[in-house]
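Just so we're on the same page: letters track the sequence lines, and every chain starts at 1. When reading the values below, keep in mind they use all heavy atoms of this one structure, side chains included, and skip hydrogens, waters and symmetry mates.
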There are 4 protein chains.
Amino acid sequence: MTHKIAILGASGYTGAELVRLIATHPTMEISALAANSKAGQAMADVFPHLRHLDLPELVTIDEIDFAGIDLCFCALPHKTSQEVISALPKDLKIIDLSADFRLRDPSAYEKWYGNPHAATEMQKEAIYGLTEFYRNEIASARLVAGTGCNAATGQYILRPLIAAGVIDLDEIILDLKCGVSGAGRSLKENLLHAELSEGYHAYAVGGTHRHLGEFDQEFSAVAGREVKIQFTPHLIPANRGILATAYVKGDAQTVLDTLNAAYDDEPFVVVLPLGQTPSTRHVRGSNFCHIGVVADRLPGRVIVVAALDNLTKGSSGQALQNANLMLGEDETAGLMLAPVFP
Amino acid sequence: MTHKIAILGASGYTGAELVRLIATHPTMEISALAANSKAGQAMADVFPHLRHLDLPELVTIDEIDFAGIDLCFCALPHKTSQEVISALPKDLKIIDLSADFRLRDPSAYEKWYGNPHAATEMQKEAIYGLTEFYRNEIASARLVAGTGCNAATGQYILRPLIAAGVIDLDEIILDLKCGVSGAGRSLKENLLHAELSEGYHAYAVGGTHRHLGEFDQEFSAVAGREVKIQFTPHLIPANRGILATAYVKGDAQTVLDTLNAAYDDEPFVVVLPLGQTPSTRHVRGSNFCHIGVVADRLPGRVIVVAALDNLTKGSSGQALQNANLMLGEDETAGLMLAPVFP
Amino acid sequence: MTHKIAILGASGYTGAELVRLIATHPTMEISALAANSKAGQAMADVFPHLRHLDLPELVTIDEIDFAGIDLCFCALPHKTSQEVISALPKDLKIIDLSADFRLRDPSAYEKWYGNPHAATEMQKEAIYGLTEFYRNEIASARLVAGTGCNAATGQYILRPLIAAGVIDLDEIILDLKCGVSGAGRSLKENLLHAELSEGYHAYAVGGTHRHLGEFDQEFSAVAGREVKIQFTPHLIPANRGILATAYVKGDAQTVLDTLNAAYDDEPFVVVLPLGQTPSTRHVRGSNFCHIGVVADRLPGRVIVVAALDNLTKGSSGQALQNANLMLGEDETAGLMLAPVFP
Amino acid sequence: MTHKIAILGASGYTGAELVRLIATHPTMEISALAANSKAGQAMADVFPHLRHLDLPELVTIDEIDFAGIDLCFCALPHKTSQEVISALPKDLKIIDLSADFRLRDPSAYEKWYGNPHAATEMQKEAIYGLTEFYRNEIASARLVAGTGCNAATGQYILRPLIAAGVIDLDEIILDLKCGVSGAGRSLKENLLHAELSEGYHAYAVGGTHRHLGEFDQEFSAVAGREVKIQFTPHLIPANRGILATAYVKGDAQTVLDTLNAAYDDEPFVVVLPLGQTPSTRHVRGSNFCHIGVVADRLPGRVIVVAALDNLTKGSSGQALQNANLMLGEDETAGLMLAPVFP
């Protein structure tokens, strides 16, 4: 049986990544592609790398007949997303890749995103899309909120450790390095090649990055108490990849054992042997996340490093993994592509 | 039915690319991986991006029992390759990715590669592996010689035009820009990141690049007379990709029509509408080749540009396409992966 | 004696490059910096790499008192430039870095730039700023038109060869590879890091690039007959650099001798020994141009390759070289900075 | 008066960077360049970007007559350096850029570098070359040990804070991101462009990086007690640059005030306004170090970020700054080059 898929916001990078992945999915078929600003164009004109595929023309969202759609990916900007999704049929399965349904608390949403939420009822209904930790809820969900790509990476390191109580909850530092595509296809001076390549810098320093809203919500829920981490992202001149370096206090072997226990049966999360750490280049273009643990020379200090591809495991790959669950397919269908190196 | 595959020279980039592609091939299974210098190591240690795959350990070539192997890819350096292949079972299907069996004439081989050929009988037997033009011969071949990656790109532009006699055979210039991975994983100062990135240059200028041996052989055979082109490669600070810009004399529409006629039914070679030209970024990581034709402002001059990924369509993807033919599989099996962009 | 300098359009890359170079110039002082869109800001906020300099605040052009200015660089977009320069004091020495005064023929300007010229009188007065060939005229000029960066590179190769009549004037092909900064700091999707890095492509294929207007004008003047070349630029994922590969018909040694004769006494143009070719990485950040000559394997064919930094020798360095002449300074003052490698 | 300079190890990146900087130095002249492995070659062949300079040919160290040399830079690998320097004239002013004389304690040297020191007497004599903190000692020194590039960056952040006692000495984390050129011109697989570009990773994780020897020595001396920090470097796909992100406990305004007090009169260390952080791209190719301070959302936590160019301020620029002091020149002579951006 073939599932008919719609993608809203198909002219952005996460939209294109969904198309790339679905292109070799055994049971999904792309039935509609929407991008209001580029409606009427062929996808091959917007993304020539998808030229070989037989894809529907880009249309406006209004032009889509959702009656025939089995699942809809929504890859729109936040705020737009909640408006669009509110107007979609109430029985349509939806995976939202924006930030709009990640935070369950309307006031937390307003704090981090600056505007009141326009669909607070749906906010409550949405399931947080970190597959490995919400698998069952996702399988039966109607609306799944894809996580932030940085938020996913940090949680792969920290959730099991917080849940198991094996690290000091008040002394967690997450220094994160992310590639350029995480900022999307928007026209900003600081995203130009001439500005970005050959240099790197920290941004949103001091605890102002919006993905902290997700960290606060999820870590506090897992811990059963408030947990607030320090989180500093850095922009690196490479297109894909997130490398998160976590500084925690605990015992390295215990940290490793805890992560191994959490991910032993997971198809996409790989824990390396003690002392080894991952590289973004080795997960590039794939749905894998590699995690490594090292004991610091200072007793009781541990460094945990995780790497994933922000567009795949951090966004569109995660979304497809969730879609597989929601549609009753094998969770790994279409997602076993090996990383592209070099 | 599953075909058992061996890869000799698995610690290089073309070897790793073969593994990447075969990883999602429906009917191939990797049974042996050889790399004499790294025998005894796990493939995951040599190429951590392949860590998620269940692969055999690297062994020496001598350790492989070829009785159970259906097809062997040989991704060794030239000269080594002819020695190794000479000693393999005479009924083993082999695809050689080195330069050793591309040139049918022993003296041409010696001229371009500097050493006399050690297996001239096999040289005669080998089929030149440019799939689109040797499809039938490849399907029934025992030994196929993968083409040079630059040589493939130039031929996709020029073979049909030379065959059809629609361009001036004495006025062909091929200015080629290739990515870094084409030089392989060898330790050379000029391949260091600090040397290469942020700069670019021509090399092998003046008609000294070895792939000219292939151009001379193939174009002269197609034309039925000697054809010698000018060919200047340039090294570009990007890992994957070949962009070939051909300057020819003829009529642009006729050139386009000729290319369309040649590639209309081809699954991997895409001819763009008149006036459009391709980019390496839109074929990256895939087996596709995009070709575009533009009329110059000077009457009778035409520019044809082709783009492909040197490791995929230019090498390992081509090899897998040929393997599919040799094993009676669908030619596109395992090769419909969409390009990775951005 | 210190010369007081104004820069109009100081928020773009050529403006910033002028400031970088003038920072260590022994006899120039920056007295005014204008950027209408960023007036009121500190230069350190627009270009933090210039933070250590004691620079005037950005103002609008109207706010500048030109009475105290000895020389004005105009680094504005074309069309804007002619309007602004028309309104400047008639005795002010001006170097325009835009395209507005490069073409002496108003109809040629309109053909290549799409709008009628608004200051045709000044168009006639302006001296073409290719220092090595207009040195005397520049020294006594009031208005100098900086050349196109691609146009400069091509002319360093071809002008002496055309002037000496040592190549076939009807068979000149210039295949050019340029870095990203040549496109300026403008917000265009195709200039984003995620779009550009890791890939490359031809653009303005077929003889539509505007710098052909300069080639046509200059080469025809030098030859005393119409000369039209083929010219195809390619965009390369590096920030700085132009590499021009010229395919000409002639004798390699004669070509080399001609170039040596032309540039023997030039401080910034270096001709390499026969058979060597240059790299953009070796002129990066400097005012040097390296040129190499190679005989092709085909008799009578020669390849000449030139490399320079588009922002320095191709634009702001050239402008400063011209300013030195116009102000009676040593032509090399402030320009002997060594290239930055790696 | 012109100072005659010798550079030993002129075929590496720090050697080339010294030549680049000295090229525009008003009172230094390069009299001898040694590189044993490339003796007999012209510097222009080893580093074509220095082609325009009139430089002596590369010789072996033995060939140099040190009688006429005023100051000698030694840019050799560690261990080789101590052997070579031991044999140089005892009254020759020397700046060593290797690690050999950074650690004053022979056992600390052996611990971090794995071999016993062969010139322990000179080890005691050598002055640690962090100009801003050893200015007077350097001015009268005969032998100065250039600091590690990472060690310099970390100390610019932490030395004043430790000295002033404004941060918790037991809770210092330094997460550092460095460019590729820091690893030198050595032939290692992991330094190839195809391996490095487009990806990034942590290395020497857990407190094993040798520059920790410097941190331990200097911070403990400054504090008057043992201070051991956590330090994790990451390799970033850019050629130049170090970005250090320090996580400390204290008060942000106090931290800022302390840094401002320390660097107010320094020509090369720039402290940004509270809340701003630096980028490596804005110090590239220059001798400047930019430092920024941000208060974290968690009370009592502060993030301090520093950026410098590892080859300039982190190594050869620092060395030249020290040479100026040792020779009685203006400390900034030859070092006021503006950063190169883009």
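Contact record, D:Lys38 with D:Val46: CD-CG2, 3.8 Å, taken as the closest heavy-atom pair. The two residues D:Ile242 and D:Cys178 come nearest to each other via the heavy atoms CG1-CB, 3.9 Å.
The pair B:Asp309-B:Arg240 counts as a salt bridge, with a side-chain nitrogen and a carboxylate oxygen less than 4.0 angstrom apart. A salt bridge between D:Lys313 and D:Glu17 is absent, with no side-chain N of the basic residue lying under 4.0 Å from a carboxylate O of the acidic one.
Side-chain contact of B:Thr80 with B:Glu83: a donor-acceptor pair under 3.5 Å is absent, judged by distance alone.
Below 4.5 Å, heavy atoms of chain D meet heavy atoms from B:Leu192, B:His193, B:Ala194, B:Glu195, B:Leu196, B:Ser197, B:Glu198, all part of residues 192-215 of chain B.
Counting heavy atoms from C-beta on, the side chains of D:Glu57 and D:Leu33 never come closer than 4.5 Å.
Heavy atoms of B:Ala183 lying under 4.5 Å from chain D are absent altogether.
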